[in-house]
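Written out below as structure tokens is the structure these notes cover.
Naming: A, B, ... by sequence-line order, numbering from 1 per chain.
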There are 2 protein chains.
Amino acid sequence: MAVTLAPMHSRDRRYHHGDLRAALLSRAEQTLREKGPAALSLRELARDLGVSHAAPSRHFKDKQALLDALALTGFERMADVLEASQESVEETFAARIDAVVRAYVGFAQENAVLLDLMYSVKHDPTASEDLVVAVGRWSEIVELLVEEGQRSGEVREGPMERVGLTVFAVLHGYADLAAAGMLPPEVTEHGLDEVIAFILRGSAPDRPS
Amino acid sequence: MAVTLAPMHSRDRRYHHGDLRAALLSRAEQTLREKGPAALSLRELARDLGVSHAAPSRHFKDKQALLDALALTGFERMADVLEASQESVEETFAARIDAVVRAYVGFAQENAVLLDLMYSVKHDPTASEDLVVAVGRWSEIVELLVEEGQRSGEVREGPMERVGLTVFAVLHGYADLAAAGMLPPEVTEHGLDEVIAFILRGSAPDRPS
DNA sequence: ACCTGAACACCGTTCAAGT
DNA sequence: ACCTGAACACCGTTCAAGT
């Protein structure tokens with residue numbers, strides 16, 4: 001019966017969608033969130049949006065291209081969240097780490113499936129240039145933070161690949177466990193304090209003995 | 001458990017495979033490793049093994065059941081590797097952590113895609129009971145290790161959900177980054193020393209000041 | 001430029017039937 | 001018990017054609 005176009009909603013655009021690309025991304029994320037990555041189908045997406053099954057190919061070369069684009073928006077939003085966490089925060093390493101850990105873990109919990117997608121896409125060798133840029137943006141945040149801590153004497157000396165990377169590993173590991181639902185419920189926010197304290201102890205300078 | 005049976009076709013296998021279940025799992029892992037999870041198809045698996053496309057359904061209810069079973073073997077092998085890492089190792093917290101970190105990261109690097117599968121399956125609410133058991137086996141290893149360290153005074157006091165979980169988060173985060181190929185190449189093994197030192201500092205008791 | 005509709009090859013799942 | 005072969009509904013991708 002669906003031969004007539006866009007009949008249901010009076011305020012619908014012309015026979016082509018208007019901003020199909022954005023609509024596809026948004027709807028895809030919703031499906032991902034609600035039914036998981038295995039349930040994501042281009043044809044169903046098109047059906048939901050009231051366009052033909054071939055329409056998405058005008059905006060995304062193939063399914064993987066849509067997933068890549070979705071992951072990219074995830075990285076960008078993540079970077080935004082991390083950068084925002086550093087605004088109007090006391091300029092000590094402890095305060096900054098506290099803010100960034102809470103922001104990262106919060107994002108991970110609210111966007112667990114998207115985070116999975118982000119990391120699996122990044123794993124892919126054919127990753128786009130934009131994506132590399134977006135990843136760089138938020139690994140830089142941790143780097144800057146650590147370097148600042150080193151200058152102020154709050155963080156032990158050493159190259160970024162050692163100190164910064166390890167701090168990031170803690171951050172990422174805890175967020176990943178939280179997103180995967182592996183943390184006992186009462187630990188989820190309580191545990192954050194311990195993680196932050198752990199990072200501070202682990203990255204503190206040696207005390208003269 | 002008869003292994004040899006009457007042959008059927010000219011030179012190939014018998015008409016039923018013999019141990020199709022194990023063959024499916026093994027071949028699925030190989031495909032996963034070589035071509036990634038998106039390229040895994042039950043029909044292709046069956047083709048590769050010379051059985052009809054409907055044969056796998058005798059052993060796995062559906063595709064997800066096969067993936068679950070594959071993830072389970074991953075968890076079991078992981079537990080084996082971790083347990084093996086604790087044999088004939090000096091009985092100090094430092095030595096034990098060193099061994100377990102290297103084992104975990106090593107496994108993660110050699111089985112990156114499988115690890116992804118393991119965590120995505122564990123994320124699934126319909127996870128089997130066997131799987132929960134297998135996960136428990138290796139989170140216990142870290143717990144025992146931390147408790148032992150606490151008794152010997154090498155590790156600060158505190159409940160397992162605080163100290164043990166955080167140690168595990170570092171371990172997991174670094175392994176995940178390594179598996180995802182996010183570590184600069186020269187860091188991969190060099191960085192392990194820093195991670196281990198970080199864990200030791202982070203979990204050490206407070207020094208009287 | 002943007003989308004449709006038909007076509008193609010492939011997929012997961014089910015099921016009666018064979019051995 | 002274990003597997004086959006056909007059938008069904010669905011999928012991703014491509015492409016000539018419409019507007």
### Message
Tell me whether B:Asp80 is salt-bridged to B:Arg137, with the criterion being a basic N under 4.0 Å from an acidic carboxylate O.
### Response
yes
### Query
How long is the span from the CD atom in B:Glu140 to the CG atom in B:Leu145, to the nearest 0.5 Å?
12.5 Å
### Task
Find the distance A:Arg43:CZ to C:dC11:P and express it as a whole number of Å.
16 Å
### Message
Measure CZ/A:Phe60 against P/D:dT14 and give the value in whole Å, please.
### Response
16 Å
### Query
If you check every side-chain atom of A:Ser57, which of D:dT14, C:dC11, D:dC3 has the closest atom?
D:dT14
### Cationic N near anionic O, under 4.0 Å, A:Arg102 to A:Asp193
yes
### Task
Please determine, for the side chain of A:Ala54, which listed nucleotide (D:dA6, D:dC11, C:dT4) has the closest atom?
C:dT4
### Task
Please state how far atom NZ in B:Lys61 lies from atom P in C:dG12, giving the value in whole angstrom units.
15 Å
### Query
For the side chain of B:Lys63, counting heavy atoms from C-beta on, which of D:dT13, C:dG12, C:dT4 is nearest?
C:dG12
### Message
List the residues meeting salt bridge (Lys or Arg N to Asp or Glu O under 4.0 Å) with A:Asp176, not counting sequence neighbours, and say none if there are none.
### Response
none
### Task
Mind telling me whether A:Tyr104 and A:Phe168 have parallel, tilted or perpendicular rings, with 30° and 60° as the class edges?
perpendicular
### Query
Can you check the B:His59 NE2 to C:dG12 P distance for me, whole Å?
17 Å
### Carboxylate-amine/guanidinium proximity below 4.0 Å for A:Glu110 and A:Arg77
no
#### Entry: A:Asp48 CG to D:dC11 P, straight-line distance once rounded to whole Å
10 Å
### Query
Can you tell which of C:dG12, D:dC3, D:dT13 lies closest to the side chain of A:His53?
D:dT13
### Message
Students often get this wrong, so: under 4.0 angstrom with heavy atoms, is A:Ser41 touching a base, only sugar-phosphate, or nothing?
### Response
sugar-phosphate
## Note on the structure
Output row for DNA chain D, stems defined as at least 3 consecutive Watson-Crick or G-U pairs under 3.5 Å, is C:4-8 with D:12-16, C:12-16 with D:4-8
### Task
Nearest whole angstrom, please: distance from the C1' of C:dT13 to the CG of B:Leu66.
14 Å
### Query
Within less than 4.0 Å of OP1 or OP2 of D:dT14, is there a side-chain N or O belonging to A:Arg58?
no
### Query
In terms of ring plane angle, is the pair A:Phe75 and A:Tyr119 parallel, tilted or perpendicular, where the classes change at 30° and 60°?
tilted
### Query
Between C:dG12, C:dC10, D:dC10, which nucleotide has the shortest distance from any of its atoms to the side chain of B:Arg47?
C:dC10
### Whole angstrom value for the distance that separates P of D:dG12 from CG of A:Asp62
11 Å
### Query
Rounded to the nearest Å, what distance is computed from the CG atom of residue B:Leu42 to the C1' atom of nucleotide C:dG12?
7 Å
